[in-house]
Every structure is written in structure tokens, then in C-alpha cells.
Amino acid sequence: MSARTRFAPSPSGLLHLGHAYSALVAWDAAGRNREQFILRIEDIDSTRCRAEFEDAIYEDLNWLGLQWCLPVMRQSERLATYAAGLEKLQSHDVVYPCFCTRRDIQEEIARSANAPHGPDGALYPGICRALTKAERNARLQSGEPYAWRLDASAAAARTGPLQWTDQRRGSIDVDSALFGDVVIARKDIGTSYHLAVVIDDAAQSIELITRGEDLFHATHVHRILQELLGLPVPTWHHHALITDESGERLAKRSDARAVRAYRDAGMTPEQVAQLAQRSPTC
Ligand code: GLU
């Protein structure tokens, strides 16, 4: 049975074999039907995203035989929508402003012997969560730049226990402490991957979110945000990641082969699809 699904690349480089695999998983889950396969460009980080990479995404996906409906949603055009989502979280009192620099955080982590760690490393040590109301207001008024962080325990208290379903792993209990107080709105762009992705998946009525295993744990955060924002809950399919012969993730390698490099070397779209589908390991 097919589902409405999506492929959501960031145009910060050329599509490589790992992206091709991810796109093909979504395309197959969508029943190879352009009405069901949503392409979304996740380009909120203007320092990393480039127009030529976006053009290359369209070209490479077309070359692979994938089709989608127009217009394509581009996250850079939706900052006002994400700001409205942030306001809703503010009204629930589950986010707080964070003035910390990267250095403040590193120093605090180095000071504490048992800094909690999550799947992506040390968690935010809660420095700005502990500010008094007066301290917070003074710093806001001084014009110091700030991000917004989720108050993970306040959020958990508000949502109560939550679950989500992964097609490969079954029902998963949300662990709100796994990522700690993640950034929901960055200082520079006023949103974050986590906030934008849950708002857009709902706006595009996505039923099945297919993406790599590397984002498996992020789904805990997404499920919490969906609940806080009153958004529908899709199903997830986190697929295996492509690795090279030595087991290293392709995306981490500087020489990850771009889809167009295979094309330029004379391979057909079918051969590239086969190569992508042969490579994943768990
Ligand atoms: N934009 C993300 C990436 O390119 C994918 C996010 C997602 O599928 O949820 O890695």
C-alpha cells in the first residue's frame, strides 16, 4: 500500500549515493506516484545552502526517474510560519531564551564531571534555564543575541507519555531527556531543523516519513513538538545508511561519490539505483 511521503534534501552539496537511496525508498513507499511523493528543499541555513545545489537536486532526481508535483516547498520562504509555531511554544511556556555561545557551553561541560550525553554528544547543561526572570529580562533588554531552547522537562510534563511508530522497529516510547534542551530557534535564523520539519511535514500532510537511521533519535524531539503544536502524527520509516567497504558512512566521507559522477562515468539511472540499493547496511 502506498503512502504520501517525502524526500527533503538540504541543498548544501551534490546528491550522493546515500541521498539517491533515501529518495528511492520514499519514491517506492509512495507507489512511484508523483502525487504521493513530495519533494521539499530544506534550505533554512543560508550559510551552507546554494542555488546551484538546488538545481542539481532537481536535475539528478529527474535523471533517476523520480517525479513530483510543483511548486516545491522551500523552507527559506516559510520563516513566518515557523515564527508562529515558536510563538505557540512560547505561549505554552516550554521554551526559554538561551544567550550562551558555543564557548560558554563547552566551558560549562568541561567544568562538570558528569555532563549528560545524548546520541549526538554532550547535552546542553541548562545554563540559561536556570536564569531568574529578572536576569533573563535584563539580558533580553540589553540586546544580547539569543536562541530559543526547548525546556525538555517542562515539555514532558505538559505532553505526558508519548509514543511513535517506526515501520522497522515498531512502537517507541518517547524519551524526552535524550536530547535535553535542544535549540528550537537558532540565533541567526529564528528557527531550526526540528521546528521546521515538524511544521512542514504536517503542512504537506505527510503520512510516512522516510529518512536515514541517522535521524532516528531526532524523532523523539519531533514527536514532542508535534504534540505541543497540536499536529497530526505520521508513521516513520528510518532506513539503513549507505556505508563503504570499510563500514564508514558515505555521507561522512569527503569523497562520497555524487550521483552525477556516476552518470558522467557512463552509468545508467537503473545501474545507479541498483548500486544504491545494494549498499545499505545496518
Ligand atoms: N534535510 C535533512 C537532510 O538533508 C533531512 C531531514 C529529514 O528527512 O527529516 O539530511
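Because the structure is a prediction, the values reported are computed rather than measured. Each ligand, and each atom within it, is numbered from 1 in the order the structure gives.
- Cluster partners of Ile109, by chain and number: Tyr96, Ile105, Tyr124, Ile127. The rule joins Ile, Leu, Val, Met, Phe, Trp and Tyr whenever side-chain heavy atoms lie under 4.5 Å apart.
- For His220, the ring-ring contact (aromatic ring centres under 6.0 Å, His included) test picks out Trp164, with sequence neighbours left out.
- With a 6.0 Å cutoff to the six-membered ring centre and a 45° limit on the axis angle, Arg48 does not count as a cation-pi contact of Phe53.
- Rounding to the nearest 0.5 Å gives a distance of 8.5 Å between OG of Ser192 and CZ of Arg186.
- His194 NE2 to Thr219 OG1: the interatomic distance, rounded to the nearest 0.5 Å, is 10.0 Å.
- Residues passing the salt bridge (charged side-chain N to carboxylate O under 4.0 Å, His left out) test with Arg74 are Asp43, Glu54, Glu77, sequence neighbours excluded.
- The immediate protein surroundings of ligand 1, defined as residues with any heavy atom under 4.0 Å of it, consist of Arg6, Ala8, Pro9, Ser10, Glu42, Tyr193, Val197, Arg211, Leu215.
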